[in-house]
Amino acid sequence: MGEAIKEAEKASLIGEVPIGAVIVYKDKIFSRAHNKRISKNSSIAHAEIEAVQKAAKKHGDWRLDDMTLYVTCEPCLMCCGAVIHSRIKKVIYGCREPKMGAVESLCRAFDMDKMHHKPEYIGGVMQKECSELLTKFFKKLRK
């Protein structure tokens, strides 16, 4: 999660919402990314999507079986969909996202009975550090 936090900090430096993600495969970081919605002018350029796309390109396959996604903030429904479709084995996230989080907050996308793939997930890892990144960013933005 520490590496995902580093990615989130990179996002903050360029004026992006500080969310970072890394995908781990065989105990090594396989891809890393941060939010780029503003810089790419794209609503789908979330850290998770960016990391999934990089991992698929590097892996040479869209199926990311046996990979783990670490992300600083609870994934939204779109990002949960990307995780499900790419068959990522496990998602570990930092803080909850009460407005858009789709793992545990607004809905439980990974627990839906009819989904063809159900990744394992753990929330609250380094929750304080991840939450503080967002709080500081939005306080600064409001000033």
Side-chain angles (χ1 to χ4, degrees), residues 1-112 115 117-143:
M1 187 62 75
E3 293 299 314
I5 288 172
K6 288 178 186 176
E7 286 297 314
E9 289 167 343
K10 289 179 189 176
S12 185
L13 290 173
I14 60 170
E16 297 277 359
V17 175
I19 298 175
V22 296
I23 294 179
V24 173
Y25 181 54
K26 296 183 179 178
D27 297 322
K28 292 188 176 137
I29 292 178
F30 197 71
S31 73
R32 56 177 65 234
H34 53 272
N35 269 4
K36 292 187 178 175
R37 291 188 314 165
I38 296 166
S39 55
K40 285 189 167 186
N41 193 28
S42 172
S43 60
I44 65 169
H46 290 200
E48 301 95 320
I49 301 292
E50 297 288 309
V52 165
Q53 289 177 326
K54 286 180 180 180
K57 185 174 182 178
K58 184 176 178 179
H59 193 50
D61 192 346
W62 58 267
R63 295 169 197 88
L64 304 179
D65 304 26
D66 299 320
M67 295 193 191
T68 299
L69 168 67
Y70 290 81
V71 61
T72 56
C73 187
E74 180 182 6
C76 70
L77 193 54
M78 174 184 67
C79 293
C80 286
V83 166
I84 291 165
H85 284 289
S86 62
R87 295 178 173 82
I88 288 174
K89 183 177 182 177
K90 190 173 191 176
V91 175
I92 299 172
Y93 69 89
C95 60
R96 281 195 172 188
E97 213 305 6
K99 294 180 182 176
M100 296 295 285
V103 178
E104 297 181 276
S105 293
L106 293 179
C107 67
R108 300 179 81 82
F110 296 154
D111 295 329
M112 297 172 107
M115 287 294 173
H117 174 70
K118 293 183 181 187
E120 301 168 37
Y121 61 88
I122 298 170
V125 175
M126 296 181 74
Q127 179 177 345
K128 183 180 178 204
E129 296 88 341
C130 294
S131 182
E132 283 176 356
L133 284 169
L134 292 164
T135 301
K136 286 178 187 175
F137 177 80
F138 287 111
K139 277 185 181 176
K140 184 179 176 183
L141 192 64
R142 287 183 193 110
K143 285 184 180 180

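Counting non-hydrogen atoms of neighbouring residues, nucleotides and ligands closer than 6.0 angstrom, the NZ atom of K89 reaches no more than 12 such neighbours. No more than 12 heavy atoms of other residues, nucleotides or ligands lie within 6.0 Å of CE in M100, so this atom counts as exposed by the packing criterion. Counting non-hydrogen atoms of neighbouring residues, nucleotides and ligands closer than 6.0 angstrom, the CD1 atom of I44 reaches no more than 12 such neighbours. For K57, the NZ atom sits in a loose shell: 12 or fewer heavy atoms of surrounding residues, nucleotides or ligands are nearer than 6.0 Å.
Remark: the backbone N or O of R37 is not paired with any side-chain donor or acceptor of N35 at under 3.5 angstrom. Within the 3.5 Å criterion, the main-chain N or O of V83 finds a donor-acceptor partner in the side chain of S86. Listed for the E16 side chain is a donor-acceptor partner under 3.5 Å among the backbone atoms of S39.
Sorted by first and then second residue, the ring-ring contact (aromatic ring centres under 6.0 Å, His included) pairs with a member in residues 65-92 read H85-H116; sequence neighbours excluded.
Annotation: F110 is not in aromatic contact with H117 [ring centroid separation under 6.0 Å not met].
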I19 vs H34, side-chain contact (heavy atoms from CB on, under 4.5 Å): CA-CA, chis, key distance, verdict: CA-CA 6 Å; I19 298 175; H34 53 272; over 6 Å; no
Working for side-chain contact (heavy atoms from CB on, under 4.5 Å), residues K58 and K54: CA-CA 6 Å; K58 184 176 178 179; K54 286 180 180 180; over 6 Å; no
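In this structure, OG on S31 lies 9.0 Å from CD on E7, to the nearest 0.5 angstrom. Annotation: the span from E97 atom CD to E104 atom CD amounts to 13.0 Å, rounded to 0.5 Å. Note: I122 CD1 to T68 OG1 = 9.0 Å, rounded to the nearest 0.5 Å.
Here D61 pairs with R63 in a salt bridge; the nearest charged N to carboxylate O distance falls below 4.0 Å. The existence of a salt bridge linking K6 and E3 is confirmed by a sub-4.0 Å separation between a basic side-chain nitrogen and an acidic carboxylate oxygen.
Residues A109 and M115 approach most closely at O-CG, 3.9 Å, considering heavy atoms.
Residues C76 and H46 form a side-chain contact, since some pair of their non-hydrogen atoms from C-beta on lies under 4.5 Å apart. A 4.5 Å side-chain heavy-atom check between S12 and L133 finds every atom pair outside the cut-off. Between V103 and Y93 there is a side-chain heavy-atom pair separated by less than 4.5 Å. Side-chain atoms of P18 and L134, non-hydrogen and from C-beta on, do get closer than 4.5 Å to each other. Side-chain atoms of I23 and I88, non-hydrogen and from C-beta on, do get closer than 4.5 Å to each other. Considering only heavy atoms from C-beta on, L64 stays 4.5 Å or farther from R87 through its side chain. Using a 4.5 Å heavy-atom cutoff, the side chains of I5 and E129 are in contact. With a 4.5 Å cut-off on side-chain heavy atoms, I38 and I14 do not count as touching.
A salt bridge (Lys or Arg N to Asp or Glu O under 4.0 Å) with E50 holds for exactly one of K40, R32, K10; it is K40. Partner of E74 under the side-chain contact (heavy atoms from CB on, under 4.5 Å) criterion, chosen from S105, C79, C80, C95: S105.
Qualifying side-chain contact (heavy atoms from CB on, under 4.5 Å) partners for L13, counting only residues two or more places apart in sequence or in other chains: none.
Geometrically, K90 does not engage Y121 in a cation-pi contact, judged by NZ or CZ lying under 6.0 Å from the ring centre and within 45° of the ring axis.
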